[in-house]
Amino acid sequence: MEQSMGQDSVPAHGSFDKSRVLNVKPLRSLVPLFPSTSNAAPSSNVQGGAPFVSVSPSGPFPPGISPFYPFFFSPESQRLSEQNLQTPAGVAAVPINSFRTPTPRGRSNRGFTEEDGYSNSQQVNFDATETDTEEGGRLRSRKKKGKGRLGSGSDVDVDAVANDILKSINPVVFDVLNQPDGSKDAVSYTLLIYEVLRRKITQIEDLKEGNPGVARRPDLRAGTIMLSKGVRTNSKKRIGAAPGVEVGDIFFFRMELCIVGLHSPSMAGIDYLGIKFSQEEEPLAVSIVSSGGYEDNAEDGDVLIYSGQGGAKGASDQKLERGNLALEKSLHRGNEVRVIRGLRDIATPGGKIYVYDGLYKIQDSWVDKAKTGFNVFKYKLVRLPGQPEAYTTWKSILQWSEKSTSRVGTILPDLTSGAEKLPVCLVNDVDNEKGPAYFTYSPTLKNLKPTNPLDPSAGCNCVGGCLPGNYNCSCIQKNGGHLPYAPNGVLLDLKSVIYECGPSCQCPPNCRNRITQGGLKFRLEVFKTKNKGWGLRSWDPIRAGAFICEYAGEVIDNARMEELGGENEDDYIFDSTRIYQQLEIFPSETEAPKIPYPLYITARNDGNVARFMNHSCSPNVFWRPVVRENKGASDLHIAFHAVRHIPPMTELTYDYGIVLPLKAGQRKKKCLCGSAKCRDYFC
DNA sequence: AGTTTTCAGCGGTAT
DNA sequence: ACCGCTGAAAACTAG
């Protein structure tokens, strides 16, 4: 049964209403910094040349390319936004044509030179004419494909689109990627670009029905394109940590490990330095992926018994060669080996998740007999001390799932009192505070006033659900001709407004165009942070683009909004009119966000988990306006999605944005996000 | 749940 | 240039 979408569901059943939690003043990350005065110029707040710009995620993309996340921007638009730093709202839009302007050679190439000595065939060339190496590669892969995939012209589409996407990346990004050593930014950019490519390819493939039986692998296609164009980081194989990849980082595809330089083989479990490349006399192991495919076992979280490779699926003895030899040599050498743990994730259907578990050393090796009776090499790896928790966090969560009592610091097992499909627990393991201030848990928007339809229609008629390629679907039309979500529900592209199906549509609740209407999909918890009051995090891994929650609360009008400034300040306001700093590299656009109309929500008295999300200048969550058709009018909601893959127990944060100009009496808050790109305050 | 099918990087070896 | 190996991943089959 579908969860009530009513406007005012406030579950308060039983004699004790647990949704009213103890009365303690919430802190969030709000510490008043300085009273707003007219000359409190934020000059010192713009660090690292990152301007506050008004960002519209819909931007000058060529036809057929819908931008995915707001981190692509043409050099032209970037220049404009810098020029218009002081008046972000008045920036002129970049004409679509300007996108097509050929990037000057020197510019587009400057990110990739031969200085790493590795990129012989990796010089970036996004021009329509392909390089020799690229041509060769494509011919070769065609040949390998043989009879498959005949006549589908999909390669042309994909390559053209991929080139257009890569061309639209800010050259500054390539400067970062081109550093011989990786960095957090480089890893982040690489993965974001990969997501864009992969999803775009998914979308293209999604459109053409047919070709059943042909394994479409957008993950591999995207990876290949990036590797061939040199859009990657840590391309030099090395022993020890891969700079920019942090212990605990999660990945959903083997190709992701590859492009960030964590583990280069696309399939094999052991990565090693061969004799040729290293100056060494012997091969040395660099990293392993432990996926449980062999008869491995782990004594505890810090010890791993890893099986060697080969042996023809257990039908013959393994030999001391390749990866096995490298592991043996590394045992004697005592060098560090990166370990990636592959896990089966229940939430990800049929999917695996890879957790970077940090550096290990090989302590022992022996020959074992497999069940089939053949020889298997075994290696005992021990985790180096002093590294952040990673794999053990997953094991802890598994334990909590089995019996909730084993979790220390639990205040409430479910602060929603059943209002959500999944419980949201309340935890404090840092001090004695018993919970945030009173509020009523409400998963939906109250006081929602459907307003003038943006694009009048009676809703769609897709009785069986909206499907890609159905151009008769009015909802698909409003989204520019395709569904905004992938089959697994992640947001595929980032228009300024997402048009979902609504009450007026004929499609069922499980329609793929109703992703934000199904309630929580991840087990979230509200927890006490060390210095920012209460915060929000997830027990489950969250993939980039996944829907997390909407901003619930009471919709208020502009007049009421004015009252809430100054003395009566409301720390639980969502204000769609704020100005947002570009996310990381983001931003693209120069026109203001095209939200249909200003939306103000207060979650002080009524709200959902979103009210606990703290601000960060380097957030891992972003929001999009969602419009749903409702009896000839439009409902507007705010949906939060993951910017990138978010490991379990990582705090969820979004950019609160800033108010320009500050209202009378309104104060700026000292930002405690601690990110390297912190702009010191927010509103 | 198992099986089948097509994947793509990279070390090693042969040109 | 090729060969061959490989703890992938999706789709399909069977139960």
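Protein chains get the first letters and strands the later ones, always in sequence-line order, with residue 1 at the start of each.
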N or O in side chain of [X] less than 4.0 angstrom from [N] OP1/OP2:
{"X": "A/Ser266", "N": "B/dC10", "value": "no"}
{"X": "A/Lys352", "N": "C/dA9", "value": "no"}
{"X": "A/Arg217", "N": "C/dA9", "value": "no"}

Legend entry - Side-chain donor-acceptor contact under 3.5 Å, A/His332 with A/Glu282: no
Inset, instruction - List the steps and the verdict of side-chain contact (heavy atoms from CB on, under 4.5 Å) for A/Tyr379 and A/Ile305. - result: CA-CA 6 Å; A/Tyr379 301 91; A/Ile305 308 299; over 6 Å; no
Legend entry - Over all atoms of both residues, closest heavy-atom pair of A/Ile362 and A/Ser330: CD1-CB, 3.7 Å
Legend entry - Heavy-atom closest pair, residues A/Val643 and A/Ala544: O-CB, 3.8 Å
Legend entry - 5' precedence on DNA chain C between A/Tyr354 and A/Gly311 (nearest-nucleotide basis): A/Gly311
Candidate nucleotides [options], ranked by approach to the side chain of [X] - the nearest:
{"X": "A/Arg221", "options": "C/dA9, B/dA8, B/dC10", "value": "B/dA8"}
{"X": "A/Met255", "options": "B/dG9, B/dC10, C/dA9", "value": "B/dG9"}
{"X": "A/Met267", "options": "B/dG9, C/dT6, B/dT6", "value": "C/dT6"}

Quick one: which protein N/O atoms are closer than 3.5 Å to N/O atoms of nucleotides 11-15 of chain B? Pair and distance per line, please.
{"residue": "B/dG11", "atom": "OP1", "partner": "A/Lys237", "partner atom": "NZ", "Å": "3.1"}
{"residue": "B/dG12", "atom": "OP2", "partner": "A/Ile275", "partner atom": "N", "Å": "3.4"}

Is the shortest distance from a Lys or Arg side-chain nitrogen in [X] or [Y] to a carboxylate oxygen in the other one below 4.0 Å?
{"X": "A/Arg199", "Y": "A/Asp219", "value": "no"}
{"X": "A/Arg644", "Y": "A/Glu195", "value": "no"}
{"X": "A/Asp357", "Y": "A/Arg341", "value": "yes"}

Inset, instruction - State the dot-bracket string of DNA chain C. Criteria: Watson-Crick or G-U wobble, both atom distances under 3.5 angstrom; notation: ( ) intrastrand, [ ] crossing earlier pairs, | interstrand, . unpaired. - result: ||||||.||||||..
Legend entry - Side-chain donor or acceptor of A/Asn513 paired with backbone N/O of A/Tyr499 under 3.5 Å: yes
Legend entry - Residue-level proximity of residues 325-333 of chain A to DNA chain C when a heavy atom falls under 4.0 Å: none
Legend entry - Cation-pi geometry met for A/Arg543 and A/Phe252 (6.0 Å, 45°): yes
